[in-house]
Amino acid sequence: QRCCICHLWGASVTCRGRRCPRIFHFPCGSEGGCVSQFFGEFKSFCWKHRPVQCVQAVQQDQTLCLICQEAVAGQPCYDTLVCPACASAWFHRRCIQGQALRSARHHFRCPLCQDVATFQEEMFRLGIKIPDR
């Protein structure tokens, strides 16, 4: 199959969006805003069908990523995630992914409110890989 992002052959990841024909390489998908879920059926979604956050979060002035202390987008989006439990912790996708890989499932929690269950469930759904160890 031909990748819908780089247009080279050998793509094997299919979007699970309803009737979506997009197929991509895993690395192309990661760079192109696609989401792959690392639990259950290991579903993948293209940029059009990826899960989005439904958190009511309001920034005050310019909010910073809790991990790298750099500015985040003004609302939750692919590159900017918000803790679903407290709605006060904002971070870049790459920053929280790094935190998840370093912490693993046992220690991965919201850096601000320390919520574990709700936070991990939402991060899994949004495509953050959280290793078991």
Side-chain angles (χ1 to χ4, degrees):
Q1 299 285 340
R2 194 179 286 264
C3 177
C4 66
I5 298 169
C6 73
H7 306 290
L8 297 175
W9 291 99
S12 60
V13 181
T14 304
C15 176
R16 294 291 297 268
R18 188 176 174 137
R19 292 190 217 140
C20 182
R22 293 185 181 95
I23 298 173
F24 46 91
H25 298 106
F26 181 76
C28 293
S30 296
E31 293 174 13
C34 301
V35 167
S36 292
Q37 297 175 332
F38 299 96
F39 68 96
E41 297 177 26
F42 292 86
K43 296 177 183 178
S44 292
F45 301 92
C46 69
W47 58 92
K48 185 176 179 183
H49 299 108
R50 68 183 176 219
V52 295
Q53 280 197 287
C54 298
V55 175
Q56 296 295 328
V58 179
Q59 283 192 10
Q60 297 170 354
D61 298 325
Q62 187 175 18
T63 303
L64 303 178
C65 171
L66 283 180
I67 299 168
C68 73
Q69 294 298 303
E70 293 182 10
V72 295
Q75 60 187 9
C77 60
Y78 177 75
D79 290 321
T80 300
L81 305 177
V82 180
C83 172
C86 67
S88 298
W90 293 66
F91 16 77
H92 299 109
R93 175 178 288 274
R94 69 180 185 281
C95 295
I96 201 65
Q97 179 60 78
Q99 186 82 9
L101 293 174
R102 286 186 295 276
S103 302
R105 192 175 299 182
H106 183 68
H107 296 287
F108 185 59
R109 62 192 71 224
C110 172
L112 187 63
C113 72
Q114 302 297 309
D115 179 81
V116 175
T118 307
F119 183 73
Q120 284 188 10
E121 182 179 329
E122 180 75 348
M123 295 302 113
F124 267 131
R125 190 180 72 80
L126 295 171
I128 301 299
K129 180 172 178 32
I130 309 168
D132 284 333
R133 325 179 198 171

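For the numbers below, each heavy atom of this structure counts, side chains included, while hydrogens, waters and symmetry mates do not. Note that the structure is a prediction, hence the values are computed from the model and not measured.
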N/O donor-acceptor pairs under 3.5 Å from side chains in residues 82-93, not counting sequence neighbours:
from, atom 1, to, atom 2, distance (Å)
S88, OG, C86, O, 3.3
H92, NE2, A71, O, 2.9
R93, NE, Y78, O, 2.7
R93, NH1, L126, O, 2.9
R93, NH2, Y78, O, 3.4
R93, NH2, L126, O, 3.2

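Screening residues 57-77 for ring pair (Phe, Tyr, Trp, His ring centres under 6.0 Å), with sequence neighbours left out, gives no hits. Sorted pairs that involve residues 66-76 and meet side-chain hydrogen bond (donor to acceptor under 3.5 Å, both in side chains), not counting sequence neighbours, are lacking altogether. Screening residues 111-131 for salt bridge (Lys or Arg N to Asp or Glu O under 4.0 Å) gives E122-R125 as the qualifying pairs, with residues at least two apart or on separate chains. Applying the salt bridge (Lys or Arg N to Asp or Glu O under 4.0 Å) test to pairs two or more places apart or on separate chains, none has a residue in residues 18-39. Residue pairs meeting the ring pair (Phe, Tyr, Trp, His ring centres under 6.0 Å) criterion with at least one partner in residues 23-50, sequence neighbours excluded, are F39-F124.
To the nearest 0.5 Å, the span separating CZ on R109 from CD on Q99 amounts to 10.5 Å. Atoms NE2 and CZ, on H106 and R133 in that order, are 13.5 Å from each other to the nearest 0.5 Å. In this structure, the separation between SG on C68 and CZ on R94 is 5.5 Å, given to the nearest 0.5 Å.
Cluster partners of L101, using a side-chain heavy-atom cutoff of under 4.5 Å among ILVMFWY residues and allowing indirect links: none.
Residues C20 and C46 form a side-chain contact, since some pair of their non-hydrogen atoms from C-beta on lies under 4.5 Å apart. Residues I96 and F119 meet the side-chain proximity criterion, which asks for heavy atoms closer than 4.5 Å. In this structure, the side chains of T63 and T80 stay at 4.5 Å or more apart for every pair of heavy atoms.
Listed by chain and number, the residues in a salt bridge (charged side-chain N to carboxylate O under 4.0 Å, His left out) with R105 are D132 (sequence neighbours excluded). Taking the side-chain contact (heavy atoms from CB on, under 4.5 Å) definition, one finds that E41 meets it with R16, K43, sequence neighbours left out. Every residue was checked against the salt bridge (charged side-chain N to carboxylate O under 4.0 Å, His left out) condition with R50, not counting sequence neighbours, and none meets it. For the side-chain hydrogen bond (donor to acceptor under 3.5 Å, both in side chains) test, residues two or more places apart in sequence or in another chain that qualify with S36 are S44. Not counting sequence neighbours, the partners of T14 by the side-chain contact (heavy atoms from CB on, under 4.5 Å) test are I23.
Residues Q37 and P51 approach most closely at NE2-CG, 3.8 Å, considering heavy atoms. The two residues C34 and I5 come nearest to each other via the heavy atoms SG-CD1, 4.1 Å. The minimum heavy-atom distance linking C77 with A73 is given by the pair SG-CB, 3.9 Å. Among all heavy-atom pairs drawn from I130 and A100, the shortest one is CG1-CB, 4.1 Å. Taking each heavy atom of L66 and P111 in turn, the nearest pair found is CD1-CB, 4.3 Å.
Neither I128 nor V116 shares a network with the other; the hydrophobic side chains, linked directly or stepwise wherever heavy atoms of I, L, V, M, F, W or Y lie under 4.5 Å apart, form separate groups for each.
For Q1, the CD atom sits in a loose shell: 12 or fewer heavy atoms of surrounding residues, nucleotides or ligands are nearer than 6.0 Å.
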